[in-house]
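The structure appears right after this line, and notes come after that.
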Amino acid sequence: MKILFLNGPNLNLLGDREQLIYGAKTLADIEELVHKEAAGLGIETEFRQTNYEGELVDWIQQGAESHDAIVLNAAAYTHTSIAIRDAIAAILAPVIEVHISNVYAREGFRHKSMVSPVCSGVIAGFGAASYLLGLRAAVAVLNSAK
Ligand code: DQA
C-alpha cells in the first residue's frame, strides 16, 4: 500500500508559524512520525509540500496513478480552490482531508471547505496526530474497498 501526503501553502513554516494554533512540530517532524507509524503497518508513505495551487492539482492527478490513496492538507486552498476540488473529483483514488487545527472553532471563512464534498472524510483539530489519523483513515477506506 502506498499513501501520498500532500501539503499546501505555508505548511513549510510549521514549527515557527502560529505555534499556539499549529503546535511546535515542523512538517519534517510530522513526516517522520507518519513514516514510522506507516512502516510499522507495512505501508509506504511519501510527503510533499508546495505553496502553489497548480502544483497541488498536478500532484493529485499524478498521485492517483502512483499511489493508492492521498492524505491532503490543502491549507488555505481548502477554503478557496475549485481547481483542487475538481482534481479530487476527477480521480478514483480516495482522498482524506486533514487539518492540524479545528477549523470549525476558528474564523468563519475556515468553516467552508471546497474539498470536503469530494473527499472520503475529514479529520481536523488533533494537531500532528491529524496526520496519523489520516493515515489510519486512508488504510480503512482502502481496506473497505477490497
Ligand atoms: C490548516 C487550516 C487552514 O484554515 C489554514 O489556512 C492552514 C492550515 C490546518 O492544518 O489547520 O494553513 O489547513
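It should be emphasised that the depicted structure is a prediction, and the values quoted were computed from it without experimental measurement. Start at 1 and go down the list; that is how both ligands and their atoms are numbered.
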Can you confirm whether the side chains of Asn7 and Tyr131 place a donor and an acceptor under 3.5 Å from each other? yes
Residue pairs meeting ring-ring contact (aromatic ring centres under 6.0 Å, His included), one or both in residues 67-90, sequence neighbours left out, come to none
Pairwise, report which nitrogen or oxygen atoms of ligand 1 are under 3.5 angstrom from protein nitrogen or oxygen atoms, and how far apart they are.
residue	atom	partner	partner atom	Å
ligand 1	4 (O)	His79	NE2	2.7
ligand 1	4 (O)	Arg110	NH1	2.9
ligand 1	6 (O)	Ala76	N	3.2
ligand 1	6 (O)	Arg110	NH1	3.1
ligand 1	10 (O)	Asn73	ND2	2.9
ligand 1	10 (O)	Ile100	N	2.8
ligand 1	11 (O)	Ile100	N	3.2
ligand 1	11 (O)	Ser101	N	2.8
ligand 1	11 (O)	Ser101	OG	2.6
ligand 1	12 (O)	Arg17	NH1	3.2
ligand 1	12 (O)	Arg17	NH2	3.0
ligand 1	13 (O)	Asn73	OD1	2.8
ligand 1	13 (O)	His99	ND1	2.8

- Any chance the side chains of Glu97 and Thr78 put a donor and an acceptor closer than 3.5 Å? no
If you count every heavy atom of other residues, nucleotides or ligands that lies below 6.0 Å from Tyr52 atom OH, does the total exceed 12? no
(message) Check Glu37 with Arg136, please: is the shortest side-chain N to carboxylate O separation under 4.0 Å?
(response) yes
Open item on the list: Testing the 3.5 Å rule here: is there a donor-acceptor pair between the side chains of Gln49 and Asn51?
Closed with: yes
